[in-house]
Amino acid sequence: MSRRHSVNRPPTPDVQDDDDDRAKEPTLVEIVNIKLIESGEKERLMELVRERLVECGWKDEMRALCRAFIKKNGRDNVTVDDLVRAITPKGRASIPDSVKAELLQKIRTFLVSVAY
């Protein structure tokens with residue numbers, strides 16, 4: 001026999017899950033992020049990435065893509081959200097592998113230094 005669910009409210013769960021306990025525990029990614037922030041390393045890494053992206057010309061390339069998008073669609077017809085939606089996938093895909101590798105190595109070195 002199937003239960004009919006109310007239109008006004010979601011069905012009541014049959015069994016109480018232990019998801020509440022797991023939701024309180026931070027994930028590994030959250031723990032790493034907290035350590036990076038607390039140590040100030042996250043800001044140093046962000047600055048390193050900014051420098052590397054400027055050095056390799058990525059920032060200028062993104063600026064040119066933004067200008068081309070605005071020119072194509074008309075200055076008055078483009079919002080910041082439109083620009084972000086159009087440029088973000090291209091920007092992420094065009095980050096040089098060398099920058100990604102350097103960042104990953106720095107994060108690994110940091111994690112080894114804080115591990116106990």
Side-chain angles (χ1 to χ4, degrees):
M1 172 157 80
S2 67
R3 290 194 290 175
R4 295 182 65 197
H5 301 294
S6 169
V7 174
N8 297 325
R9 63 185 174 86
T12 305
D14 294 331
V15 178
Q16 184 67 20
D17 288 333
D18 290 334
D19 288 341
D20 294 338
D21 294 338
R22 279 185 247 129
K24 294 175 188 173
E25 296 176 24
T27 64
L28 181 59
V29 171
E30 291 169 337
I31 292 169
V32 169
N33 195 38
I34 289 167
K35 295 275 188 195
L36 285 167
I37 292 169
E38 287 176 348
S39 68
E41 187 66 15
K42 185 170 185 174
E43 191 56 42
R44 286 187 288 275
L45 292 172
M46 294 290 287
E47 187 57 35
L48 173 75
V49 170
R50 280 186 208 103
E51 289 173 14
R52 295 299 185 262
L53 291 175
V54 168
E55 288 171 5
C56 72
W58 181 89
K59 185 176 177 184
D60 293 333
E61 184 182 333
M62 292 303 103
R63 183 178 292 133
L65 285 173
C66 289
R67 288 184 179 181
F69 182 82
I70 291 168
K71 188 174 182 180
K72 176 184 173 189
N73 293 297
R75 184 177 180 181
D76 297 330
N77 300 326
V78 176
T79 65
V80 173
D81 289 339
D82 295 336
L83 203 52
V84 169
R85 243 187 322 276
I87 302 303
T88 298
K90 295 173 186 172
R92 286 187 178 155
S94 65
I95 294 173
D97 289 340
S98 61
V99 174
K100 293 177 189 178
E102 183 179 3
L103 179 61
L104 185 58
Q105 185 56 46
K106 296 273 186 188
I107 292 170
R108 284 182 176 148
T109 302
F110 170 77
L111 291 176
V112 168
S113 73
V114 296
Y116 41 99

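Just the heavy atoms: all of them, side chains too, but no hydrogens, waters or symmetry mates, feed the values below.
Both Leu45 and Leu111 belong to a single network of hydrophobic side chains, linked directly or stepwise wherever heavy atoms of I, L, V, M, F, W or Y lie under 4.5 Å apart. In the hydrophobic cluster analysis, where Ile, Leu, Val, Met, Phe, Trp and Tyr join through side-chain heavy atoms closer than 4.5 angstrom, Val114 is grouped together with Leu36.
Residues that satisfy the salt bridge (charged side-chain N to carboxylate O under 4.0 Å, His left out) test with Arg44, not counting sequence neighbours, are Glu41. Residues satisfying the side chain to side chain contact (heavy atoms under 4.5 Å, CB included) criterion with Thr79, sequence neighbours excluded, are Asp81, Asp82. For Glu38, there are no salt bridge (charged side-chain N to carboxylate O under 4.0 Å, His left out) partners two or more places apart in sequence or in a different chain. Every residue two or more places apart in sequence or in another chain was checked for a salt bridge (charged side-chain N to carboxylate O under 4.0 Å, His left out) with Glu51, and none qualifies.
For the atom pair CD1 (Ile70) and CG (Asp76), the distance works out to 11.0 Å, reported to the nearest 0.5 Å. Expressed to the nearest 0.5 Å, how far NZ of Lys42 lies from CD1 of Ile37 amounts to 4.5 Å. The structure places CG of Asn33 at 11.0 Å from CG of Leu28, a figure rounded to the nearest 0.5 Å. Here Met62 contributes atom CE and Ile95 contributes atom CD1; the two are 8.5 Å apart, rounded to the nearest 0.5 Å.
The backbone N or O of Gly40 sits nowhere less than 3.5 Å from a side-chain atom of Glu43 that would complete a donor-acceptor pair.
Val84 forms part of a hydrophobic cluster together with Val80, judged by ILVMFWY side-chain heavy-atom separations under 4.5 Å. If you chain together ILVMFWY residues whose side-chain heavy atoms come under 4.5 Å of each other, Leu48 ends up in a group of its own.
Screening residues 87-100 for side chain to side chain donor-acceptor pair (under 3.5 Å), with sequence neighbours left out, gives Trp58-Ser94. Legend: side chain to side chain donor-acceptor pair (under 3.5 Å) pairs involving residues 61-71, not counting sequence neighbours, sorted by first then second residue: Asp60-Arg63.
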Intermediate values then yes/no, side-chain contact (heavy atoms from CB on, under 4.5 Å), Arg52 and Glu55: CA-CA 5 Å; Arg52 295 299 185 262; Glu55 288 171 5; 3.5 Å; yes

